[in-house]
**Q** 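I'd like to ask you about the structure that follows.
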Amino acid sequence: MDTSTPRAETTATDSNRQSRRHLFVIAGAGLILLTGVIHLALVPEHLEETTYLGVLFAVNFVAAAVAAVGIYRNRRWGWLLGVAVATIAIVLYVARGTVGLPATEAEELLEPMGVLAKAVELLFLGVATAWLTTD
């Protein structure tokens, strides 16, 4: 009786699952880090406009970098921090573009760097959802 086949299939399945999860980890860490770098590039512009916005953009970068490290180390808290960073950034972007934030006026919602950052954040949220909902 050959008992190696079921074990070989299980090993192959486990290996495929681990490879997929590793791709999610690389994509997630890269995407959340990219959103942080985009926000970091915009810090000087936003510091000139309103100091607290510049500080929020810098905090976004730091939080995104910490999340990227956590994600790369395959830690659930990294994914959850990344989801929080991306979600808060999207909500504040929409709020700023529609009703404005304190000490600012409503601004153009389709500003190119903002649209790029939101697209990357939405991609990250998709990857995070896939990672967080799979075994």
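Side-chain atoms are counted along with the backbone in the values below, which use heavy atoms only and exclude waters and symmetry mates. For the single chain, residues carry numbers from 1 onward in sequence order.
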**Q** Counting distance only, does the side-chain N/O of His46 pair as donor-acceptor with the main-chain N or O of Leu42 below 3.5 Å?
**A**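 Checking the backbone N and O of Leu42 against the side chain of His46, a donor-acceptor pair under 3.5 Å is found.
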**Q** Is Leu56 linked to Leu34 within one hydrophobic cluster, defined over Ile, Leu, Val, Met, Phe, Trp and Tyr using a side-chain heavy-atom separation of less than 4.5 Å?
**A** no
**Q** Do you know which two heavy atoms are closest between Ala103 and Thr50, and how far apart they sit?
**A**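 Scanning both residues, the minimum pair turns out to be O-OG1, 3.5 Å.
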**Q** Report yes or no: does Thr104 contribute a side-chain atom to a donor-acceptor pair with the main-chain N or O of Gly100 at less than 3.5 Å?
**A**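 Looks like no, no N/O pair under 3.5 Å.
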**Q** State, with a plain yes or no, whether a side-chain heavy atom of Ile26 is found less than 4.5 Å away from one of Tyr72.
**A**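 Yes, their side chains come closer than 4.5 Å.
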**Q** Under the 3.5 angstrom rule, does the side chain of Thr87 hit a backbone N or O of Ala84 as a donor-acceptor pair?
**A** no
**Q** Heavy atoms only: give me the nearest Thr98-Ala106 pair and the separation to one decimal.
**A**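 Scanning both residues, the minimum pair turns out to be O-CB, 3.5 Å.
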**Q** Treating Arg21 as the side-chain partner and Ser19 as the backbone partner, does any N or O pair qualify as donor plus acceptor under 3.5 Å?
**A**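 No: the side chain of Arg21 does not pair with the backbone of Ser19.
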**Q** Is any side-chain heavy atom of Val127 closer than 4.5 Å to one of Leu123?
**A**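 Contact flag for Leu123/Val127 side chains = no.
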**Q** Give a yes or no answer on whether the side chain of Glu111 reaches the backbone of Gly114 with a donor-acceptor pair at less than 3.5 Å.
**A** yes
**Q** Measure across Val115 and Leu109 and return the closest heavy-atom pair with its distance rounded to 0.1 Å.
**A** CG2-O, 4.0 Å
**Q** Can you get from Leu40 to Leu92 by hopping between Ile, Leu, Val, Met, Phe, Trp and Tyr side chains that sit under 4.5 Å apart?
**A** no
**Q** Evaluate Phe24 against Ile71 for side chain to side chain contact (heavy atoms under 4.5 Å, CB included), listing each step before the verdict.
**A** CA-CA 9 Å; Phe24 282 126; Ile71 291 167; over 6 Å; no
**Q** Just how far is it from atom CG of Leu53 to atom CD of Glu48, taken to the nearest 0.5 Å?
**A** 12.5 Å
**Q** Are any non-hydrogen side-chain atoms of Leu80 and Arg76 less than 4.5 angstrom apart?
**A** yes
**Q** Atom CG in Leu101, atom CD in Glu49: separation rounded to 0.5 Å?
**A**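 Going from CG on Leu101 over to CD on Glu49, the span is 9.0 Å.
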**Q** Determine, using the 4.5 Å side-chain heavy-atom cutoff (strictly less than), whether Leu31 and Val69 are members of one ILVMFWY cluster.
**A**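 No; tracing contacts between hydrophobic side chains, which count when under 4.5 Å, never links both residues.
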**Q** First locate atom CH2 of Trp79, then atom CG of Asn74, and finally report the distance between them rounded to the nearest 0.5 Å.
**A**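 Interatomic distance, Trp79 CH2 to Asn74 CG, rounded to 0.5 Å: 8.5 Å.
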**Q** Using the side-chain contact (heavy atoms from CB on, under 4.5 Å) definition, which of the options Leu125, Val120, Val85 pairs with Ile32?
**A**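 The option that passes is Val85.
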**Q** Determine whether Thr35 and Phe124 make a side-chain contact, defined as any pair of heavy atoms from C-beta on separated by less than 4.5 Å.
**A** no
**Q** Report the relative orientation of the aromatic rings in Phe57 and His39; use parallel for angles under 30°, tilted for 30 to 60°, perpendicular for over 60°.
**A**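 Judged by the thresholds at 30° and 60°, the geometry between Phe57 and His39 is tilted.
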**Q** Would Val37 and Met113 show up in the same hydrophobic cluster when neighbours are defined by side-chain heavy atoms closer than 4.5 Å?
**A** yes
**Q** When you group the ILVMFWY residues by side-chain heavy-atom contacts below 4.5 Å and let the links chain together, are Leu122 and Leu132 in the same group?
**A** yes
**Q** Shortest non-hydrogen contact from Ala67 to Gly78?
**A**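 In terms of heavy atoms, the two residues are closest at CB-O, 3.5 Å.
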**Q** Ignoring hydrogens, what is the shortest heavy-atom contact between Glu108 and Tyr93? Give both atom names and the distance.
**A** O-OH, 4.3 Å
**Q** Roughly how far apart are Arg20 CZ and Ser15 OG, rounded to 0.5 Å?
**A**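 Answer for the CZ-OG pair, Arg20 versus Ser15, is 10.0 Å.
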**Q** Return the minimal non-hydrogen interatomic distance between Ala41 and Pro44, and the atom names on each side.
**A** O-CD, 3.6 Å
